[in-house]
Every structure is written in structure tokens, then in C-alpha cells.
Amino acid sequence: MSEVAVSTHGVGHNNPPKGLLRWITTTNHKDIGTLYLVLSLIMFFVAGTMALVIRTELFEPGKVLVDPEFFNQMTTLHGLIMVFGVIMPALAGLANWMVPLMIGAPDMAFPRLNNWSFWILPFAFTLLISTLFMTGPAPDFGWTFYAPLSTTYGPKSTDYFILSIHLMGISSILASLNIVVTIFNMRAPGMKWFEMPIFIWGWLVTGFLLLAVMPVLAGCVTMMLMDRHFHTSFFNAAGGGDPVLFQHIFWFFGHPEVYILILPGFGIISAVIQTFSRKRLFGYHAMVYATVVIAILAFAVWMHHMFVTGAPLGAQLFFMYTTMLVAVPTGIKVFNWIATLYKGSITFETPMLFALGFLILFTIGGFSGLMLSIAPSDYQYRDSYFVVAHFHYVLVSGSLFTLFAGIYYWLPKWTGRMYNETLGQLHFWLTAISMNLTFFPMHFLGLAGMPRRIPDYALQFTDFNQIASIGAFIFGFSQLIFLYILFRACILRRGEQAPAKPWDGAHGLEWSVPSPAPYHTFDTPPKVVPAEAH
Amino acid sequence: MIYALILTQLAFILRLTFMQSWWRNAIAVLVTLLLPLPAVAASIWNMPKGVTPISHQIYDIHMITFYVCCAIGVVVFGALFYSIIRYRRSKSPTAANFHEHLWVEIAWTVIPVLILIALAIPATLLLKQIHNTQASSLQIKITGYQWKWKYEYLDEGISFFSNLTTPKDQIEGAAAKGEHYLLEVDNEMVVPTKQKIKLLVTSNDVIHDWWVPELGVKQDGIPGYINENWVYIDEPGTYRGQCGELCGVYHGFMPVVVKAVPQAEFNQWVAAHQTVKQQKAAAKAKAKQEAADKPPEKMTKAALLAIGKPKYQATCGMCHQANGQGLPPTFPALKGSPVATGPVGKNIDILLHGVSGTAMQAFGEQLDDETLASIITYVRDAWGNGEVNQKAGHAIEVQPSEIANARKE
């Protein structure tokens with residue numbers, strides 16, 4: 001009986017249906033990981049094109065290309081898609097591919113749920129992007145969708161936006177639930193908590209953050225829906241409600257959200273730096289504690305987004321202090337990475353270049369973050385291009401660079417082919433230089449008084465805006481190199497054959513299986529080698 | 001560098017602690033000698049130093065935080081670059097094998113905490129000052145509207161709107177852009193120098209944000225709230241800023257212009273405003289008296305159109321456009337619109353009370369009877385609307401008295 005069950009089990013899974021049906025019905029963690037990554041890649045170019053529309057309009061003062069109304073739709077959708085459609089799915093894709101491989105599990109804990117949590121997303125983004133093709137404006141109130149601009153004054157398409165956010169939220173909750181349960185229950189025998197790779201720790205903590213705040217976002221958009229259609233007044237002052245309540249709820253979600261976008265990335269950087277400096281991570285325990293402390297602080301800093309809303313002195317002081325404290329665990333991480341590099345034996349392959357680029361540029365984003373935490377100066381920075389510069393430093397050279405590092409690092413494992421190193425390095429240098437060209441001048445623009453989210457500006461801001469626009473176009477077109485590198489490795493299947501462990505300094509269970517990783521791995525649990533043995 | 005920083009830090013804390021003492025001057029001189037950079041930093045690169053005591057202190061604390069970041073950056077990036085250059089594989093074929101060091105880890109936890117405490121002290125003191133809105137000599141209520149500001153001098157009884165004056169031609173590139181492109185208004189907020197002025201910021205529709213970098217003030221105007229802030233301007237001059245919070249389509253087109261003048265000049269400005277106001281009130285009372293005696297004198301269509309056209313361009317043109325085509329569907333066309341070519345009562349009602357949930361505001365509280373009547377007449381006459389109205393038998397002309405009657409309903 002049991003033999004029969006095992007054999008049919010094996011046949012069904014080793015021969016997945018061919019063609020489209022394979023991808024629709026798949027419950028395999030590697031397939032679903034690929035689907036997440038492909039969706040993320042498509043959305044990256046969609047939202048990137050929107051960024052280029054924004055930068056074209058801002059190339060010089062006066063109307064260049066689009067109306068202010070369309071400009072607002074571009075800034076809104078660019079932000080929403082980059083956060084929910086690019087970084088989050090890419091991180092979920094990496095989790096799907098790598099969590100079972102890194103902890104020695106055969107698959108995710110809930111494979112069917114996994115399929116569903118991915119397949120919600122294409123519908124969510126179809127709904128969101130379809131608003132661009134409807135009569136009437138698409139959502140045009142910024143990715144932060146403050147009430148009452150998005151409620152009483154929101155365009156009709158706001159309802160599509162609300163539904164779309166609900167779908168993304170359900171998808172994220174299910175995916176993070178799956179990841180947390182997998183990490184808790186499916187680690188290979190002998191893998192203790194403090195032997196898990198930092199990437200697993202990062203995703204574990206992120207999973208809890210998502211489970212905590214995604215329902216808050218769902219509540220927030222539900223209250224919007226009620227205000228818009230069912231005569232409630234949660235956010236409407238004229239009905240006894242409170243527009244500031246919206247911001248409290250939104251940022252109680254929104255601040256943990258930005259750590260969701262970076263914590264798994266910290267794990268990728270830890271893995272890459274260890275591998276290419278051929279040295280064990282310095283301060284493993286401190287890294288884990290720092291991740292947990294950052295996650296806890298994430299819930300106690302939300303009002304630093306609201307210093308100019310008329311918050312009372314006591315609240316401003318409390319949130320200023322907690323925000324400043326975030327610098328301590330983040331600093332510990334940066335110091336630990338540098339200590340890992342110290343006395344290593346370092347080489348500079350593409351994943352390492354992106355990791356080092358991350359280390360430098362994310363630290364710069366951290367500095368502007370520290371400056372923003374000082375409430376009195378924040379009065380001048382808030383809602384200016386200084387903030388735009390800050391969050392692009394932590395999200396582009398932060399989250400996006402960690403994703404690039406992770407993709408180059410694990411691509412040989414996924415495809416069985418080495419990517420083209422020359423093209424990879426070209427991609428890195430063009431991306432890193434143009435990223436700075438785009439976003440560094442924005443610090444100056446913000447300090448000199450240029451507000452964010454404006455389609456047209458006073459003459460003194462022209463020079464820096466032109467530099468930023470040129471940088472943005474170089475950045476955008478450099479990503480075509482990345483697209484070609486992926487195309488070459490995944491579709492053309494060109495490049496050197498990758499061995500099971502293509503990086504000589506790498507450690508971890510994912511390198512114990514062949515490249516490309518077979519459709520099923522770890523059917524029998526692997527033997528875990530304690531970190532001390534490295 | 002570190003030495004200078006510690007000194008600056010110390011100086012700053014002392015400066016805030018002993019505000020009125022001789023310390024302040026002595027330390028200011030010392031700081032200027034040690035750190036000449038702030039003095040040469042140009043305004044397109046950096047935050048303006050501004051013209052208020054608060055903006056000066058914000059600038060100082062901004063620069064101190066910046067220098068602290070620079071110092072940390074030198075140490076961190078120094079260590080990073082040293083490691084990646086010195087320990088590249090060609091120079092360091094085998095890696096060392098260490099992965100923990102308790103004291104180092106304690107040090108890089110405790111030292112940042114100490115630096116943060118040093119930054120938090122001056123920030124706390126300054127924040128307390130910013131929140132102290134007491135003992136002001138003038139109160140101005142600032143109300144954000146989609147896309148203009150209303151200023152009300154509460155004790156002087158002066159009230160006016162402030163609209164962008166940059167012509168559409170400049171925005172669309174048909175004319176050369178002026179020096180103060182997008183930062184110019186019809187009525188500036190005039191204030192006296194060397195007075196503590198209390199600002200009461202609120203909004204009529206969505207959230208706006210009143211921001212003038214050189215005054216060091218940024219305050220959200222939120223419907224249902226009145227936020228307090230204050231400003232004390234040292235030097236006369238014109239200071240320009242913009243709305244800081246996304247407030248809809250024309251968020252980038254509602255500048256703030258503050259004109260600071262000496263007290264005497266401000267008094268004259270107030271007096272002139274009050275005289276105009278009294279004259280208007282007297283004329284109104286007289287007209288009312290006369291109206292009681294005889295039926296109101298009708299304005300001619302030509303007179304109405306002469307007022308209506310320019311007022312339409314200034315008040316309505318941004319959304320509904322000079323050619324009446326609007327920007328549908330957010331801003332409907334007025335050319336051939338059911339309202340402008342329908343019964344006149346509905347038309348007056350919409351102008352007076354607005355359309356809830358849209359950008360169409362209630363202009364009843366913003367414009368007087370004559371202006372409203374003129375604008376409505378212009379809209380019902382222009383772009384071929386006149387012929388449609390004539391055929392359908394709807395009135396084109398609207399008299400101020402009809403507006404007055406509609407207000408009473």
C-alpha cells in the first residue's frame with residue numbers, strides 16, 4: 001500500500017504537465033519561485049518605464065510631455081508597483097526557491113496554498129494597471145494614498161485600487177504564513193535556530209512583520225471603501241472622523257513595510273560577503289539580534305512620517321528618540337559586514353560587487369535617515385526631494401542591489417549555467433554610477449526647497465533635475481543588459497556549465513545539490529554540518 | 001576633524017543652554033573660525049540658513065548632524081576600503097579564521113548610542129522652542145484650498161486669497177519663463193518683521209502643507225484641525241515657498257509668498273486694507289439703502305462680460321481652461337455643458353455651494369455677488385453656449401441681485 005502510494009507520488013511530481021498548465025497547476029516551490037521572479041521582472045520594467053516618464057517630465061521646467069494629472073498617476077503607480085509588484089514578489093520568489101534548499105526541506109509546508117498565493121498577484125496587478133486604460137484618471141494620490149485626497153476626492157478608479165491592495169495583502173499574508181511555518185517545522189534534523197543562514201532569519205522575521213501589518217493595511221483600505229460608499233466617516237472631518245487617523249494606520253503598516261523590503265536582503269548580503277571573502281560571518285549572533293531589534297523598533301517609529309501634521313511635543317520627542325535608535329542595530333550590521341571582510345581573501349564577482357555597492361550606498365541612505373530622524377531638521381526635509389533621495393538610496397541601492405546580488409549569486413544553481421561575468425560587471429558599474437547620478441542630486445534639490453510629487457518646478461532647480469533625468473535614463477537602459485544576461489542563462493542556456501558549488505567560498509545546503517537543482521530535492525533530509533566545522 | 005566636531009557639538013549645546021549670555025557670541029566666533037564651510041555653502045546646494053531664529057538653529061543642527069555623518073562615514077568607509085583593498089585575494093590568499101570579539105561588538109553598540117544622545121539633546125531643546133507658540137503679537141489663519149491659500153488676519157479683520165500668477169503661456173512654453181516662475185502670487189502674505197507671529201494652519205478640502213524654507217516653517221493644513229506654529233522674521237524681504245503635501249492635480253501650482261516689512265510699513269498696509277474695506281462696506285450700505293428706495297439697477301450684459309472674462313480666467317481657468325474645454329473627466333468642459341446651457345438656478349447653486357466630492361469648490365464664500373454674476377454670465381455666453389441658451393430659452397445674463405437672492409435660500 002505504502003509502496004504504491006510512493007510510486008504514484010513520484011510519477012505525478014517528476015513529470016509535471018507540459019506548457020502553460022504546468023505553471024498554472026504547479027505546487028513545486030522552484031516553479032513558484034520562478035513565477036514570482038518572472039512577475040517581478042516584468043513589473044520592474046513596467047514601473048521603470050513610469051519612472052522614465054516622470055524623469056522626462058522633470059527634465060526641464062514647464063510642460064515637457066504629460067499633464068500634471070497623468071504625472072500624478074505615474075508617481076502613484078511607480079511607487080505602488082515597485083514596492084508591491086517588484087521588491088515583494090522578488091523576495092517571495094527568492095524565499096520560495098531558497099528557503100527549502102537552505103534548510104534542507106523537500107518543499108514548502110503548504111504547496112497548494114503556495115500556488116494560490118502567487119496566482120492572486122497577476123490578477124491584482126492587472127486590476128491596478130487596468131485603471132490606466134479606463135475613462136477617468138487612474139489612482140493619482142501618491143503611493144501613500146492619504147485621505148481625504150483618496151477618499152472624498154479620489155477618482156472612481158480608487159475602488160479598483162482598493163480591491164487590488166486587498167488581493168496583494170491576501171497574497172502576502174498567505175506567502176509569509178507559508179514561509180514561517182516552513183522555517184519552523186521543516187528544517188533538516190540537526191539544524192538548530194542559531195545555525196540557520198541569516199537569509200532564513202531575515203525571512204523569518206520578515207514573515208512575522210508581514211503577518212502583523214498586512215491586516216492593518218487591509219483594515220485601512222476597507223475603511224476607505226466604507227467612507228467612499230457606505231457613508232461612514234472614519235477619515236472625514238466633516239462627519240466627525242479624522243484625516244490624521246488615516247496616516248497613523250497607514251504608517252503603522254508602512255514603516256514595518258520598509259523593513260520587510262530590506263531584512264531578507266540583509267540575509268543575502270551576509271551570504272554573499274561570507275562567500276566572496278572566504279571567511280565566516282563576523283558576529284552571527286549579533287546579526288540575528290540586530291534583525292529582531294530592528295523588527296521590534298519598526299512598530300515604534302511610525303509617527304516620524306508625521307512630524308509636520310501637528311503632532312504634540314511629547315509624541316514628537318518619543319518618535320524622534322526611537323527613530324534615532326534604529327541607527328544602532330543597523331550600524332551593528334554594517335560593522336559586522338566590514339569585520340567579515342577584514343582579513344578575508346576577497347574576490348569581486350558580480351554578486352560581491354552588488355553587495356559592496358549595497359554596503360556603501362545603503363550606509364549613505366542610513367546617514368540621510370539619521371538626519372531625517374532629527375525632528376527639527378525634519379521640518380525642512382519632510383515632503384521634499386531630500387526624502388525622495390533618502391528612500392531611493394535605501395530601496396534602490398538597498399533592496400534592489402540585494403536582489404541583484406542574490407540573483408547573480410544563485411543563478412548558477414537555478415539554471416545550471418554561469419552568467420556572463422563581463423556583462424554582469426558592466427551591469428553593476430552602469431547601475432551603480434547611474435543610480436548615484438540620478439539620486440544624489442536629489443539631496444541638494446530637497447535641501448534647496450523643491451517639494452516632491454510636483455510636475456513642474458522653479459527655475460533654480462533645473463540643473464540638478466537634468467542630471468537626475470540623464471542618470472535615470474542610463475539606469476533604465478542598463479537594466480536591458482540584466483535582461484539579456486538572464487535571457488542568455490535561462491532561455492538560450494549558454495554559458496559555462498555550473499558545478500554544484502560554483503563559488504569556492506560558499507557554505508550551505510543549497511550547494512550540496514547539483515546545478516541546476518533537480519525538480520525535487522531533499523526527498524530524504526540531508527545531514528547538517530554545524531557552522532563551527534566550516 | 002573629530003576635535004572640531006566635538007567642539008562644535010559642545011558649543012551648540014551651550015549655545016542653546018545659555019541663550020542670552022556672552023557665551024553665545026564667543027562660541028559663534030569660534031565655530032565660524034573652525035568650520036568655515038557653512039558660510040560658503042550656496043543655497044542651491046544646501047538648506048537655506050533662513051531669516052528666523054528657528055531657521056538658523058534648524059540649519060545649525062542640520063549641519064552638525066551632517067558633519068557627524070561625515071565623520072562616521074570617514075571611519076566606516078575607511079575601514080571598508082582598507083579591508084577590500086588590503087585583503088583582496090592577490091594580497092591575502094588565505095582568510096583568517098575569527099568570527100567574534102565581544103569588546104569590539106560592545107564598543108560599536110555603545111559609541112553610536114553616545115553619539116545619538118549628543119545629537120538628541122540640542123534637537124530636544126530646539127523642538128521645545130518650535131512648539132512654544134505663546135506671546136505672539138499677531139495671529140494669521142492660513143487655510144489651504146485646492147489650489148490656493150487664504151490668509152486671515154484675525155485681529156485686523158483682513159482676509160484674502162493668494163493665487164498663482166504665472167501665466168499659462170509660460171507653463172506651456174509659449175512664453176519665456178519669468179524670474180519667479182511658479183513662485184509668484186497675486187496677493188502676498190504681508191507681515192511685520194521682528195514680531196512673533198502665530199500661524200494657525202488648516203484646510204478647506206484635502207491636506208495641504210504651508211512651507212517656506214527660509215522661515216524654517218512647514219506645517220500641514222488638515223481639514224478639521226487647526227495646527228499652530230509661529231514665525232519671527234529678522235530681515236525684511238520676500239520669501240517664497242510651496243505647498244508641501246500632495247493635494248491633487250495642481251499641487252505644484254500653489255506657491256506661498258511672504259512679504260516681510262518693517263512694523264511701520266505693515267501698519268500702513270493694514271490701514272490701507274481697512275480703508276478699502278470700510279469704503280466697500282459704506283458703498284454696500286449705500287447701495288442697499290438705494291435698493292430699498294427703488295428697484296435695483298440692472299448691469300448691462302457688456303458690463304457683466306467685461307468683469308466676467310478676466311475673473312473667469314483667474315479663478316476658473318486653471319481647471320476648466322481658458323477655452324472652456326476643461327480637462328475631462330476630472331474637470332468637465334463648460335463649453336456645451338448641461339449646467340452652463342441649462343436652467344440658470346442650478347448654475348448659480350453649483351457656483352455658490354460647489355459639488356461635494358470633487359474639486360469644484362463652494363465659491364459663495366470666496367467671491368462677491370457681482371463677480372459671481374459676471375462669471376456665470378460669461379460662462380453662459382462664451383464658446384457658443386450663448387446660442388444654445390438662446391434656442392432653449394434659458395437666460396444668459398445673471399444679475400448680482402439674483403445671486404443675493406439665491407444666497408438667502
Side-chain angles (χ1 to χ4, degrees), chain A residues 61-63 68-69 135-137 142 146 148-149 152-153 237 243-244 277-280 282-283 286 308-310 313 316-317 320-321 324 327-328 331-332 335 338 341-347 363 367 370-371 374-377 379-380 382-383 444 447-449 451 453-456 458-460, chain B residues 43-47 58 61-62 65 69 76 79-80 83-84 87-89 92-96 99-100 105 108-109 112-113 116 119-120 123-124 126-127 130-131 171-173 177 181-183 206-207 209 213 218-220 222-225 227 242 244-246 248-252 329-330 357:
Chain A
K63 186 184 160 178
E69 188 169 51
T135 346
Y146 279 9
L149 187 62
T152 320
Y153 295 83
V244 180
S277 51
R278 292 161 185 81
K279 186 159 159 277
R280 214 175 124 191
F282 187 88
V308 298
T309 56
L313 178 63
Q316 293 202 5
L317 289 175
M320 175 170 81
Y321 300 149
M324 292 173 83
V328 177
I332 289 174
F335 301 140
I338 294 174
L341 292 167
Y342 180 70
K343 294 202 170 173
S345 174
I346 304 168
T347 50
T363 304
F367 288 149
L370 176 63
M371 293 173 79
I374 308 288
S377 332
Y379 271 74
Q380 292 280 44
R382 179 67 30 210
D383 284 314
F444 304 133
L447 292 177
R453 293 166 166 169
I454 57 172
D456 197 356
L459 303 180
Q460 70 265 31
Chain B
S43 68
I44 61 157
W45 290 87
N46 200 356
M47 184 188 286
I58 290 179
I61 210 164
H62 153 72
T65 324
C69 288
V76 171
L80 175 64
S83 299
I84 59 178
Y87 297 105
R88 61 189 192 274
R89 184 143 72 166
S92 165
T94 45
H99 55 86
E100 258 166 0
E105 291 180 68
W108 67 41
T109 310
V113 171
L116 291 176
L119 285 173
T124 304
L126 177 53
L127 206 55
I130 293 176
H131 277 262
I171 295 171
E172 280 168 358
K177 292 177 175 50
Y181 177 70
L182 295 185
L183 297 179
V206 299
I207 299 176
D209 181 280
K218 182 184 281 149
Q219 192 68 61
D220 276 3
I222 302 174
Y225 278 81
N227 284 331
Q242 283 177 270
E245 184 64 60
L246 179 62
V249 178
Y250 293 110
H251 161 55
T330 312

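All chains are named by letter (A, B, ...) in the order of the sequence lines, taking the proteins before the strands, and each is independently numbered beginning at 1.
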Chemist: Between B:Tyr225 and chain A, which part of the residue has a heavy atom less than 4.5 Å away: side chain, backbone, both or neither?
Modeler: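 Just its side chain gets close to chain A.
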Chemist: Would you mind checking which part of B:Asp220 comes under 4.5 Å of any heavy atom in chain A, side chain (CB onward), backbone (N, CA, C, O), both or neither?
Modeler: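 Contact with chain A is through both the backbone and side chain of B:Asp220.
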Chemist: Grab the two heavy atoms, one from A:Ser377 and one from B:Ile61, that are nearest each other, plus how far apart they are.
Modeler: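 Where A:Ser377 meets B:Ile61 most closely, the heavy atoms are OG-CG2, 3.2 Å.
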Chemist: Quick check on A:Leu313 against chain B: is it the side chain, the backbone, both or neither that has a heavy atom closer than 4.5 Å?
Modeler: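 Contact with chain B is through both the backbone and side chain of A:Leu313.
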Chemist: Counting heavy-atom pairs closer than 4.5 Å to chain A, which one of B:Ala120, B:Pro112, B:Gly173 comes out on top?
Modeler: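 Looking at each option in turn, the highest pair count goes to B:Ala120.
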Chemist: Can you tell me how far the CD1 atom of B:Ile58 sits from the CD atom of A:Gln380, to the nearest 0.5 Å?
Modeler: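 Taking CD1 in B:Ile58 and CD in A:Gln380, the distance rounds to 5.0 Å.
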Chemist: Which class fits the ring pair A:Phe444 and B:Trp45: parallel under 30°, tilted 30 to 60°, perpendicular over 60°?
Modeler: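 Taking B:Trp45 first and then A:Phe444, their aromatic rings stand perpendicular (interplane angle over 60°).
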Chemist: Side chain, backbone, both or neither: which part of A:Met320 has a heavy atom under 4.5 Å from chain B?
Modeler: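 Answer is side chain: those atoms of A:Met320 sit under 4.5 Å from chain B.
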Chemist: Could you tell me which portion of B:Thr94 (side chain, backbone, both or neither) has an atom closer than 4.5 angstrom to a non-hydrogen atom of chain A?
Modeler: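 The answer is the backbone of B:Thr94.
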Chemist: I'd like to know if the side chain of A:Lys63 reaches the main chain of B:Glu172, judged simply by a donor and an acceptor atom lying under 3.5 Å from each other, with no hydrogens or angles considered.
Modeler: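 Not a single qualifying donor-acceptor pair exists.
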Chemist: Grab the two heavy atoms, one from B:Leu246 and one from A:Gly142, that are nearest each other, plus how far apart they are.
Modeler: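 Shortest heavy-atom contact: CD2-N, 3.6 Å.
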Chemist: For the interface with chain B, which of A:Ala327, A:Gly331, A:Pro68, A:Ala286 has the highest count of heavy-atom pairs at distances below 4.5 Å?
Modeler: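 The answer is A:Pro68.
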Chemist: Select one option (side chain, backbone, both, neither) describing which atoms of A:Pro376 are under 4.5 Å from chain B's heavy atoms.
Modeler: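 Both parts, backbone and side chain.
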Chemist: Check whether any side-chain heavy atom of A:Val328 lies under 4.5 Å from a side-chain heavy atom of B:Thr109, and answer yes or no.
Modeler: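 A side-chain contact exists here, since the closest heavy-atom pair is under 4.5 Å.
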Chemist: Looking only at heavy atoms, what is the nearest atom pair of A:Pro451 and B:Gln242, with distance?
Modeler: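 Taking A:Pro451 first and B:Gln242 second, the nearest heavy atoms are CD-OE1, 3.3 Å.
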Chemist: Using a 3.5 Å distance criterion without hydrogens, assess whether the side chain of A:Ser345 forms a donor-acceptor pair with backbone atoms of B:Ser92.
Modeler: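 Yes: the side chain of A:Ser345 pairs with the backbone of B:Ser92.
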Chemist: Among B:Leu183, B:Val113, B:Ile171, which residue has the highest count of heavy-atom pairs closer than 4.5 Å to chain A?
Modeler: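 Ranked by heavy-atom pairs under 4.5 Å with chain A, first place is B:Ile171.
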Chemist: Which heavy atom of A:Gly310 sits nearest a heavy atom of B:Asn227, and at what distance?
Modeler: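 Between these two residues, the closest heavy atoms are CA-OD1, 3.5 Å.
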Chemist: Checking B:Leu127 against chain A: side chain, backbone, both or neither under 4.5 Å from a heavy atom?
Modeler: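 Both the backbone and the side chain of B:Leu127 come within 4.5 Å of chain A.
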Chemist: Heavy-atom cut-off 4.5 Å, strictly under: side chain, backbone, both or neither for A:Tyr321 against chain B?
Modeler: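 Contact with chain B: side chain only.
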Chemist: Please classify the contact of B:Pro223 with chain A as side chain, backbone, both or neither, using a heavy-atom distance under 4.5 Å.
Modeler: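 Both backbone and side chain of B:Pro223 come within 4.5 Å of chain A.
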Chemist: Main chain of A:Val308, side chain of B:Gln219: is a donor-acceptor contact present, judged purely on distance under 3.5 Å?
Modeler: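 Side chain of B:Gln219 to backbone of A:Val308: a pair is present.
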Chemist: Measure B:His62 against the heavy atoms of chain A and call it side chain, backbone, both or neither at under 4.5 Å.
Modeler: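 Both backbone and side chain.
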Chemist: Less than 4.5 Å to any heavy atom of chain A: does that hold for the side chain of B:Glu105, its backbone, both, or neither?
Modeler: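 Only the side chain of B:Glu105 comes within 4.5 Å of chain A.
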Chemist: In the structure I gave you, are the side-chain heavy atoms of A:Leu149 and B:His251 within less than 4.5 Å of one another anywhere?
Modeler: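 Answer no - side chains too far apart.
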Chemist: Just so I understand: if I count every heavy-atom pair under 4.5 Å between each of A:Gly344, A:Gly283, A:Ala458 and chain B, which residue has the most?
Modeler: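 Among the listed options, the one with the most contacts to chain B is A:Gly344.
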Chemist: Please look at A:Tyr146 and chain B and tell me whether the side chain, the backbone, both or neither of the residue comes under 4.5 angstrom of a heavy atom of that chain.
Modeler: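 The side chain, not the backbone.
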Chemist: B:Tyr181 versus A:Asp456: any side-chain heavy-atom pair under 4.5 Å?
Modeler: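 Sidechains of A:Asp456 and B:Tyr181: in contact.
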Chemist: Measure the CD1-CD1 distance between B:Ile84 and A:Ile338 for me, rounded to the nearest 0.5 Å.
Modeler: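 Nearest 0.5 Å value for the CD1-CD1 distance: 9.5 Å.
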Chemist: Rounded to the nearest 0.5 Å, how far apart are OG1 of B:Thr124 and CD of A:Gln316?
Modeler: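 Here the rounded value is 11.0 Å.
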Chemist: Which atoms of B:Ile222 are under 4.5 Å from chain A, going by heavy atoms: the side chain, the backbone, both sets, or neither?
Modeler: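 Side chain only.
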Chemist: Who among A:Pro455, A:Pro243, A:Ala237 has the most heavy-atom pairs with chain B under 4.5 Å?
Modeler: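 Top count of heavy-atom pairs under 4.5 Å with chain B: A:Pro243.
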Chemist: Quick one: does any side-chain atom of B:Lys218 pair with a main-chain N or O of A:Arg382 as donor and acceptor, under 3.5 Å?
Modeler: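 Present.
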Chemist: Identify the heavy atoms of B:Gly244 and A:Asp383 that sit nearest to each other, and give their distance.
Modeler: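 Closest heavy-atom pair between B:Gly244 and A:Asp383: O-CB, 3.0 Å.
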Chemist: Could you check whether atom NZ of A:Lys343 has more than 12 heavy atoms from other residues, nucleotides or ligands sitting under 6.0 Å from it?
Modeler: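 Count not over threshold, so no.
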Chemist: Against chain A, label B:Ile130 side chain, backbone, both or neither, depending on which of its atoms sit under 4.5 Å from a heavy atom there.
Modeler: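 Contact with chain A: side chain only.
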Chemist: Could you check which of B:Gly252, B:Gly224, B:Ser83 has the highest count of heavy-atom pairs closer than 4.5 Å to chain A?
Modeler: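 With the most close heavy-atom pairs to chain A, the winner is B:Ser83.
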Chemist: Please examine the side chains of B:Leu119 and A:Leu370, heavy atoms only from C-beta on, and report whether any two atoms are closer than 4.5 Å.
Modeler: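 When only atoms from C-beta onward are counted, B:Leu119 and A:Leu370 do touch, with a gap below 4.5 Å.
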Chemist: Identify which of B:Asp209, B:Val76, B:Thr65, B:Val249 forms the greatest number of heavy-atom pairs closer than 4.5 Å to chain A.
Modeler: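 Top option by heavy-atom pairs under 4.5 Å: B:Val249.
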